Structures are given as structure tokens and as C-alpha cells.
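This structure is a prediction, so every number in the text was calculated from the model and none was measured.
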Amino acid sequence: QVQLLESGGGLVQAGDSLRLSCAASGGSFSRVAMGWFRQAPGKEREFVAAINWSGGATYYADSVKGRFIISRDNAKNTMYLQMNSLKPEETAVYYCAACQSTYGGVITSVARYDYWGQGTQVTVSS
């Protein structure tokens, strides 16, 4: 069983940057696909970015493409999300997730992820 713990959220101004981290424990981190999702109040959880087990493949939601960068360090059992040029509408709780699938690519569907962190709040003021 994989346990996930996000960190790095906070209050920033529009245009600022933040880097989120997701530390994993309790499982084979290097064998799982990972992803970042976010959920704003009153809205459904939405896909942000995904990375495959090796870090060799990534995929982004159109809304963050070119501004966010997902990465992972399997030696440290940690995944990251570098968020640049943040916008007020991106205020949300950000979650990391892990999928123990043998599929070697990226996974974008909420339903396919097996493990979730408790989330970290990101607030972007205008």
C-alpha cells in the first residue's frame, strides 16, 4: 500500500510560482504512474498533470500546458509539480495520486488511481 503526502501549497499572488511535492512511502514508488489533480470548492476533481513510472512520459491539461511541469525523483520517492504564472482561478486543493497499473504510460482518469494524498491548499490572490 502506497501512502502519499503533499506539501508546498500556500497563498501566492497571481503570476507567482509554487512547487508542490508529493512524498510516497509504503510501496514500490518507481513502479507506479503518478498524477496531480485539483479540486476547487463546489467543483469536481480535475486532472492537472500525469507522469509515467520512469518519468519519461508526461501529459498536461490544456489549461496548464506551458506553465506547469511535472517531474519525479524515484531515488527520493518524490513527485513534484512546478507551477508558474499562477492564476486566481487555479485556487484549489491539489492532490497527488498513484496508480499501480502495469500500463507503462501516463494516466489521466481520476477513476484509475488507487491511492490519494490528503491534499494541499493553493490559494492564488488577484
Heavy-atom check, side chain of [X] versus side chain of [Y], under 4.5 Å:
X	Y	result
Leu18	Leu86	yes
Phe68	Asn84	no
Thr123	Val12	no
Trp53	Val32	no
Gln82	Ser71	no
Glu6	Ser21	no
Phe29	Arg72	yes

Look only at the side chain of [X] and the backbone of [Y], and say whether a donor-acceptor pair between them is shorter than 3.5 Å.
X	Y	result
Ser109	Ala111	yes
Asn77	Ala23	no
Thr91	Val124	yes
Arg45	Ala40	no
Arg38	Val122	no
Gln39	Glu46	no
Asp114	Gln100	yes

Contact summary for [X] and [Y], nearest pair of heavy atoms:
X	Y	answer
Ala14	Ser126	CB-CA, 4.4 Å
Tyr59	Val106	CB-CG2, 3.8 Å
Gly105	Ala33	O-CB, 4.1 Å
Leu20	Trp36	CB-CH2, 3.6 Å

So, taking the atom named [atom1] in [X] and the one named [atom2] in [Y], what distance separates them when rounded to the nearest 0.5 Å?
X	Y	atom1	atom2	answer
Asp16	Ser85	CG	OG	9.5 Å
Met79	Ile51	CE	CD1	8.0 Å
Lys43	Glu89	NZ	CD	8.5 Å
Leu81	Cys22	CG	SG	10.5 Å
Cys99	Met34	SG	CE	10.5 Å
Tyr60	Ile69	OH	CD1	6.0 Å

Report yes or no: do Thr78 and Asp73 form a side-chain donor-acceptor pair below 3.5 Å?
-> no

Who pairs with Phe37 by ring pair (Phe, Tyr, Trp, His ring centres under 6.0 Å), at least two apart in sequence or on another chain?
-> Phe47, Tyr113, Trp116

Should the pair Glu90-Arg67 be classified as a salt bridge under the 4.0 Å nitrogen-to-oxygen rule?
-> yes

Should the heavy atoms of other residues, nucleotides or ligands under 6.0 Å from CD of Gln118 be counted, would the total exceed 12?
-> no

Checking Arg19 against Tyr80: charged group under 6.0 Å from the ring centre and within 45 degrees of the axis?
-> yes

With sequence neighbours left out, the residues meeting side chain to side chain contact (heavy atoms under 4.5 Å, CB included) with Glu44 are none

Supply the members, apart from Leu11, of the Ile/Leu/Val/Met/Phe/Trp/Tyr cluster built from side-chain contacts under 4.5 Å; use none for a lone residue.
-> none

Hey, quick one: are Tyr95 and Leu4 part of the same hydrophobic cluster, counting side-chain heavy atoms closer than 4.5 Å, chains of contacts allowed?
-> no

